[in-house]
Trainee: 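Mind looking over this structure? Questions follow.
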Amino acid sequence: MEDLQVAGSSPGRYSWNRSKGLVFKTLLVVILLVWPILYQSGYAMRIMTTGGLWAIITVAVVIILGQAGQLSFGHSAFYGMGAYTAALLSMKLSVPTFPAMIVGALVPGVIALIVGRPVLKLRYFYLALATIGLGQIFLVLVTQFRTVTGSTTGLAPIPTLNIFGFDFNTNLRQYYLIWVVAVVVVLFVDRALKYRVGRALRGLATSEIASSTLGVRTANWKLLAFVTSAVICGLAGGLYAFVTMAVTPSSFTFTAAILPIVMMLIGGGSAWGAVIGAVLMTWVINGFTSVQEYSGIIYSVIMILLLIFLPAGLALQPGQRARLKAFVLREKLREPAQCLVAAEEDRPVGQCETSVGLPLAVSPDIGPETSTGESAATGQGSEASAGRRAMESAGGPLLEVEDLSVHFGGLKAVEKVSLQVGEGDIVALIGPNGAGKTTLFNAVTRLQKLSGGTVRFDGKDVTKTSPADTARLGMARTFQNLRIYVNMTVLENVMVGCHRHERSGLWAGGLGLPRQRREEKRSRER
């Protein structure tokens, strides 16, 4: 048996990579702190302040696109919602500026929560079109409500931001305000993405099917990414309103949706890379002010070129390059719907590559004495043999399938199949091509909707249960064509299997709470 050599798997190499990453982050923060001292130019400081705003928005894009793999352009709308909400509250209702900014961050989050569930059912380009439409609807509303929003002329002057009696009314104060907020957001997001939250998002970016069969509730995690991204964009919008002291619809056009994606691509899809991409692109933008009228076209072309020729971006941080590559290749890795419906594992590869293994539920008491059950075959004979095997099993049937049917129109792929699998049994399902074996596996593990029948696992009816919730009960499955998370390390690939045993969420991960650290340690040791 040959030894498997995994690049970068040694503890020494891992520690060296972590040390280099820490040095890079520390150096970046130091540069941002001393920038106003080294370059005491009002123009340069304003550019860097704008770069900080873009950095915050780009971090939001990293969450929804760079990590979760959802091609959304809704950040420009959420950015504008935050700006207009903060401006209207402080100008029209005389709300103190700091609470107005907080509300400006929360309103886009609420909107994202409302529209997120139906919108995120769409995928890839359809999701992109839907979120582009969200941005256009926002611009239309802002333009049409003239008496409230000021239409195309916008709102001005917006009061100076005051936080606990301290006014941010100079370029220097605004610079440090923006960058302190940006660094705090980056630190929070970067830490959260290292652990359970990051593994869940990167998992669904690569393969939603594989993630759901490991207990990841993909719809909930996509919604969490969408809402979190919206809140961060809203926060950036509120800061923008108080820094510029004016908001107009022209600041939230489609260009504001493309530009953060370009910045994210340059930064390599990581939270710290977002800072680099934002600063670089902000200086590039200000260096070519003469072509601003063509900016939308230019940014779109740059985005397409980066996706094609440099999908991992310019950032060279360890472990980051594969994450964005996984997003670009995601459509190739995702299992086609037609394969899930009717593909058989023994079909020619050219016809359909979908292949799955037998659903497996393993008892912790399984040992050398575990008996091997009889083979189960599709058809009426399987019911009798399965029933006999269940009677012989000391623990009784763990998996029960009763009169299961799956029809595709007039095609009866599976027709009234019944079987029982006892705890500790090893069962094989055999049959010729087209017998319906894979369709039966898909139905049992809830990837395929049943036309009739019942599936019970450990005494619980899972007929209408989602794949993720079924996996959380203890029913796992394998894929013959392996679903490897190419955007994660070897250890992270294994740790996704611990997802259903973990409880830490975004706040626990981002803040590094003790219970989250203990949980992560247990999973790594396991």
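Just so you know, residue 1 is the first one in the sequence shown, and it goes up from there. Keep in mind the model is a prediction, meaning the values are calculated, not measured.
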Trainee: Is it true that F188 and W507 have ring centroids separated by less than 6.0 Å?
Mentor: yes
Trainee: Working note: H75 + T131, criterion side chain to side chain contact (heavy atoms under 4.5 Å, CB included); need CA distance, chi angles, decisive distance, verdict.
Mentor: CA-CA 8 Å; H75 36 275; T131 49; over 6 Å; no
Trainee: Going by side-chain hydrogen bond (donor to acceptor under 3.5 Å, both in side chains), S504 matches just one of E519, R517, R518. Which one?
Mentor: E519
Trainee: May I have the step-by-step check of side chain to side chain contact (heavy atoms under 4.5 Å, CB included) for R477 and N442, ending in yes or no?
Mentor: CA-CA 10 Å; R477 68 178 296 159; N442 289 335; 3.2 Å; yes
Trainee: Between N162 and T97, what is the shortest heavy-atom contact and its length?
Mentor: N-OG1, 2.8 Å
Trainee: Identify which one of V115, T218, L127 satisfies the side chain to side chain contact (heavy atoms under 4.5 Å, CB included) criterion when paired with L120.
Mentor: L127
Trainee: With the side chain counted from C-beta on, respond yes when V95 and V103 share a heavy-atom pair under 4.5 Å apart, and no when they do not.
Mentor: no
Trainee: R446 side chain to Q448 main-chain N or O, any donor-acceptor pair under 3.5 Å?
Mentor: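 Yes.
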Trainee: Without swapping roles, check the side chain of T206 against the backbone of R202 for a donor-acceptor pair under 3.5 Å.
Mentor: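 The answer is yes, because a donor-acceptor pair under 3.5 Å joins these two groups.
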Trainee: If you look only at distance, which donor and acceptor atoms sit under 3.5 Å apart when one is on a side chain in residues 134-148 and the other is two or more places apart or in another chain?
Mentor:
residue : atom : partner : partner atom : Å
T143    : OG1  : L139    : O            : 2.8
R146    : NH1  : S151    : OG           : 3.3

Trainee: Output the distance between atom CG (L122) and atom OG (S72), rounded to the nearest 0.5 Å.
Mentor: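 Output value for this atom pair is 11.0 Å.
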Trainee: Is any side-chain heavy atom of S212 less than 4.5 Å from a side-chain heavy atom of L447?
Mentor: yes
Trainee: Between atom CD1 of I63 and atom CE of M264, what is the distance when rounded to the nearest 0.5 Å?
Mentor: 12.0 Å
Trainee: What pair of heavy atoms forms the shortest contact from G109 to V227, and how long is it?
Mentor: O-CG1, 3.8 Å
Trainee: Considering residues at least two apart in sequence or located in another chain, which fulfil the salt bridge (charged side-chain N to carboxylate O under 4.0 Å, His left out) criterion with E502?
Mentor: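 Scan of E502 (salt bridge (charged side-chain N to carboxylate O under 4.0 Å, His left out), adjacent residues dropped) gives R196, R199.
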Trainee: Working to the nearest 0.5 angstrom, can you tell me the gap between I57 CD1 and I261 CD1?
Mentor: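 The CD1 atom of I261 is 12.0 Å from CD1 of I57, to the nearest 0.5 Å.
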Trainee: Is there a side-chain contact between L28 and V183, using heavy atoms and a 4.5 Å cut-off?
Mentor: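 Contact flag for L28/V183 side chains = no.
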Trainee: Rounded to the nearest 0.5 Å, what separation is found between the CG atom of L187 and the CG atom of L511?
Mentor: 11.5 Å
Trainee: Is the Y240-Y79 ring centre distance short of 6.0 angstrom?
Mentor: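 Y240 vs Y79: aromatic centres under 6.0 Å.
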Trainee: Hey, does I232 have a side-chain heavy atom less than 4.5 Å from the side chain of T228?
Mentor: yes
Trainee: Check the pair Q174, L239 against side chain to side chain contact (heavy atoms under 4.5 Å, CB included), reporting the backbone distance first and the verdict last.
Mentor: CA-CA 9 Å; Q174 291 173 352; L239 290 169; over 6 Å; no
Trainee: Ignoring hydrogens and angles, tell me if any N or O in the side chain of T50 forms a donor-acceptor pair with the backbone of R46 under 3.5 Å.
Mentor: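 The answer is yes, because a donor-acceptor pair under 3.5 Å joins these two groups.
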Trainee: Which heavy atom of G269 sits nearest to which heavy atom of Q67, and what is that distance?
Mentor: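 Closest pair (atom of G269, atom of Q67, distance): O-NE2, 3.3 Å.
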Trainee: Identify the two heavy atoms, one from A236 and one from L53, that lie closest to each other, and give their separation to 0.1 Å.
Mentor: O-CD2, 3.7 Å
Trainee: Just verifying a value: how many Å separate L177 CG and T49 OG1, rounded to the nearest 0.5 Å?
Mentor: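 Separation between the atoms: 9.0 Å.
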Trainee: Can you check whether R173 reaches I178 side chain to side chain, under 4.5 Å on heavy atoms?
Mentor: no
Trainee: Looking only at heavy atoms, which two atoms of S250 and T253 are closest? And how far apart?
Mentor: O-CG2, 3.6 Å
Trainee: Please tell me if the side chains of R500 and L214 come closer than 4.5 Å, counting only heavy atoms from C-beta onward.
Mentor: no
Trainee: Considering non-hydrogen atoms only, spot the tightest contact between P108 and G234 and give its length.
Mentor: CG-CA, 3.7 Å
Trainee: Is there a donor-acceptor contact under 3.5 Å from the side chain of S211 to the main chain of G203?
Mentor: yes
Trainee: Can you tell if the side chain of V496 reaches within under 4.5 Å of the side chain of M488, non-hydrogen atoms only?
Mentor: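 A side-chain contact under 4.5 Å exists here.
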Trainee: Taking atom OG1 of T85 and atom CZ of F78, what is their separation to the nearest 0.5 Å?
Mentor: 12.0 Å
Trainee: Tell me, please, which residues at least two apart from Y195 pass side chain to side chain contact (heavy atoms under 4.5 Å, CB included).
Mentor: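 Side chain to side chain contact (heavy atoms under 4.5 Å, CB included) check on Y195 returns R191, Q516, E520.
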Trainee: Could you walk me through whether D469 and L473 pass the side chain to side chain contact (heavy atoms under 4.5 Å, CB included) check?
Mentor: CA-CA 7 Å; D469 289 336; L473 294 175; over 6 Å; no
Trainee: Is any side-chain heavy atom of T445 closer than 4.5 Å to a side-chain heavy atom of T213?
Mentor: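 A side-chain contact under 4.5 Å is absent here.
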Trainee: Is there a donor-acceptor pair under 3.5 Å between the side chain of S90 and the backbone N or O of A100?
Mentor: no
Trainee: Mind checking whether Y175 and W179 have parallel, tilted or perpendicular rings, split at 30° and 60°?
Mentor: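 Y175 vs W179 ring planes: tilted.
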